[in-house]
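A short write-up of the structure that comes next.
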Amino acid sequence: MKLYGYWRSSAAYRVRIALNLKGLDAELISVHLVKGGGEQHSESYAALNPQELVPTFIDSDQDGNAFVLTQSMAIVEYLDEQYPQAPLLPSTTQAKASVRALALSIACEIHPLNNLRVLQYLSDTLKVSDEAKNQWYHHWIAQGFSALEQQLAHCAGRYCFGDSVTVADLCLIPQIYNAKRFNVDLAPYPTICRIWDSCHQLDAFINAAPEQQADAS
């Protein structure tokens with residue numbers, strides 16, 4: 001089992017948490033997204049993942065052959081089905097759908113607007129100033145977190161959905177980490193902050209944090 005990722009990648013962060021929660025050991029292989037113009041653009045990595053993104057996950061299929069999977073949400077759901085210990089989705093159909101909606105509101109609506117390649121495009125191609133880039137980042141975090149805070153008011157317990165960790169928490173924690181990194185004021189989002197505190201009482205989240213990774217710099 002191998003996970004190609006980068007210490008600050010939110011998407012790889014999600015998968016690291018899932019692996020930890022399920023007690024699964026994977027070889028963590030660093031793909032530096034900045035050094036040398038980005039190792040994700042190398043010929044060898046592009047052959048593995050033509051999107052030139054992280055994470056890429058490799059497991060073995062029933063015949064012992066390598067099974068390669070991209071996209072963090074697909075990887076997390078694969079892990080949840082293939083290794084059902086410590087389930088990351090509730091048991092009922094409606095509850096599963098609710099958790100997926102929370103997770104996707106982060107993974108599909110907030111994160112893509114603020115990930116590394118978007119920020120690099122703003123700076124390198126559109127030549128926007130650092131101030132304008134930060135305004136962009138803060139705007140989309142505020143819009144996304146404001147809506148999410150309202151949603152969580154109806155379903156959160158200790159975690160995003162009741163008192164069990166779900167895939168929604170796996171998406172939220174890396175996004176909060178990035179918001180903190182960009183000095184976003186989180187005071188307007190007390191439920192989001194409380195979930196951050198709850199998750200960081202668990203070793204699975206603590207050990208998956210970017211600064212805990214071997215390639216952290």
Quiz item: Passes side-chain contact (heavy atoms from CB on, under 4.5 Å), Ile110 versus Ser105? Steps please.
Solution: CA-CA 7 Å; Ile110 302 175; Ser105 72; 5.6 Å; no
Quiz prompt | Stepwise side-chain contact (heavy atoms from CB on, under 4.5 Å) test for Phe57 and Thr70 | solution = CA-CA 6 Å; Phe57 178 76; Thr70 63; over 6 Å; no
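Few gaps surround CG on Asp197; more than 12 heavy atoms of other groups in view lie less than 6.0 Å from it.
In summary, the aromatic rings of Phe67 and Tyr78 are positioned with their centroids under 6.0 Å apart.
Residues in residues 85-104 take part in these side chain to side chain donor-acceptor pair (under 3.5 Å) pairs, two or more places apart or across chains: Glu77-Arg100. Identified under the salt bridge (charged side-chain N to carboxylate O under 4.0 Å, His left out) test for residues 118-145, with sequence neighbours left out: none.
Residues passing the side chain to side chain donor-acceptor pair (under 3.5 Å) test with Asn178 are Ser10, sequence neighbours excluded. The side-chain contact (heavy atoms from CB on, under 4.5 Å) check on Glu27 picks up Lys2, Ile29, with sequence neighbours excluded. Judged as a ring pair (Phe, Tyr, Trp, His ring centres under 6.0 Å), and not counting sequence neighbours, Tyr121 has no contacts.
Considering only heavy atoms from C-beta on, Ile75 comes within 4.5 Å of Pro55 through its side chain. Contact check for Tyr45 versus Thr56: side-chain heavy atoms found under the 4.5 Å cut-off. Side-chain atoms of Arg8 and Glu211, non-hydrogen and from C-beta on, never get closer than 4.5 Å to each other. Taking the side chain as every heavy atom from C-beta outward, Val184 and Leu186 approach each other to under 4.5 Å. With contacts defined as side-chain heavy-atom distances shorter than 4.5 Å, the pair Trp136/Val118 qualifies. Counting heavy atoms from C-beta outward, Leu170 and Leu21 have side chains that approach closer than 4.5 Å.
Contact detail for Ala179 and Ile141: the closest heavy-atom pair is CB-CG2, 4.3 Å. Closest heavy-atom contact between Cys171 and Ile106: O-CG2, 3.6 Å. Here the shortest heavy-atom pairing between Leu69 and Ala74 reads CD2-O, 3.7 Å. Minimum heavy-atom separation, Ala168 to Cys160: CB-CB, 3.8 Å.
When only modelled atom types and interatomic distance are considered, Ser30 and Tyr4 share no side-chain donor-acceptor pair under 3.5 Å. Side-chain contact, His32 with Glu39: no donor N or O sits under 3.5 Å from an acceptor N or O. Side-chain contact annotation: Glu109 with Gln143, donor-acceptor N/O pair under 3.5 Å absent. For the residue pair Arg14/Gln175, the side-chain donor-acceptor check at 3.5 Å is not satisfied.
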Donor-acceptor contacts, no H, no angles, side chain residues 187-195, under 3.5 Å, sequence neighbours left out:
| from | atom 1 | to | atom 2 | distance (Å) |
| --- | --- | --- | --- | --- |
| Thr191 | OG1 | Glu149 | OE2 | 2.8 |
| Arg194 | NH1 | Gly157 | O | 2.4 |
| Arg194 | NH2 | Gly157 | O | 3.4 |

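Note on ring orientation: taking the six-membered ring where Trp is involved, the planes of Phe205 and His200 are tilted (angle from 30° to 60°).
A donor-acceptor pair under 3.5 Å is absent between the side-chain atoms of Thr166 and the main chain of Val99, judged by distance alone.
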